[in-house]
Structure formats: structure tokens, C-alpha cells
Amino acid sequence: MVRINGNEEAAAGMALKDYLEQKQYPADGIAVECNEEILPKNEYGSYILQDGDVIEIVSFVGGG
């Protein structure tokens, strides 16, 4: 199981990019922290989610 934004999900073995697309996260406007480290966007396609990973996905919101 992978903990994503505080929820346990059966996403182990899936590429992070595929997970983000499946959950309809926008390609721009997000940051992903993996095991307490910010993951560069160019690694989303090659990073494979592993059992025990802790992922935080943060969306940027504009406002004024």
C-alpha cells in the first residue's frame, strides 16, 4: 500500500505519472513530495510507486 495524501491506496507498481493522470491531477500546478523529498517533474514518468511510500500531492491555488 502507498499512503497518498493521508490515504492508503493500492498504487504500488504504478508509475507516478500514470497515477496522477488516473486521478486527473493537472500536469501543471502541482508539486509531489515522495518520502519527504520533492520529486522533480521530469521524474514523474520514471518513478514507480513502492509499498510503504508516503506521497503528498499539493495543488497550487491562485487567489487574491
(request) Output the distance between atom CG (Leu49) and atom CE (Met1), rounded to the nearest 0.5 Å. (result) 12.0 Å
(message) Same cluster or not: Ile48 versus Val32, using hydrophobic residues (I, L, V, M, F, W, Y) connected whenever any side-chain heavy atoms lie under 4.5 Å apart?
(response) no
(message) Tell me if a side-chain donor or acceptor on Gln24 pairs with a main-chain N or O of Gln22 at a distance below 3.5 Å.
(response) no
(message) Are the side chains of Ile4 and Tyr19 in contact, using a 4.5 Å heavy-atom criterion?
(response) yes
(request) Mind listing the closest non-hydrogen atom pair of Ala15 and Gly45 along with its distance? (result) CB-O, 3.8 Å
(request) Search all heavy atoms of Ala12 against all heavy atoms of Val2 and return the closest pair with its distance. (result) N-CG2, 3.7 Å
(message) I'd like to know if Glu9 and Lys23 make a salt bridge, using a cut-off of under 4.0 Å between side-chain N and carboxylate O.
(response) yes
(message) Under the side chain to side chain donor-acceptor pair (under 3.5 Å) definition, can you give me all pairs with a residue in residues 33-42, not counting sequence neighbours?
(response) Asn35-Asp53
(request) Search all heavy atoms of Leu39 against all heavy atoms of Tyr44 and return the closest pair with its distance. (result) O-CE1, 3.4 Å
(message) Hydrophobic clusters here meaning ILVMFWY residues chained together by side-chain heavy-atom distances under 4.5 Å, can you tell me if Met14 and Ile30 are in one?
(response) yes
(request) To the nearest 0.5 Å, tell me how far Glu8 CD sits from Arg3 CZ. (result) 4.0 Å
(request) Please round to the nearest 0.5 Å and tell me the distance separating atom OH of Tyr47 and atom CG of Leu16. (result) 8.5 Å
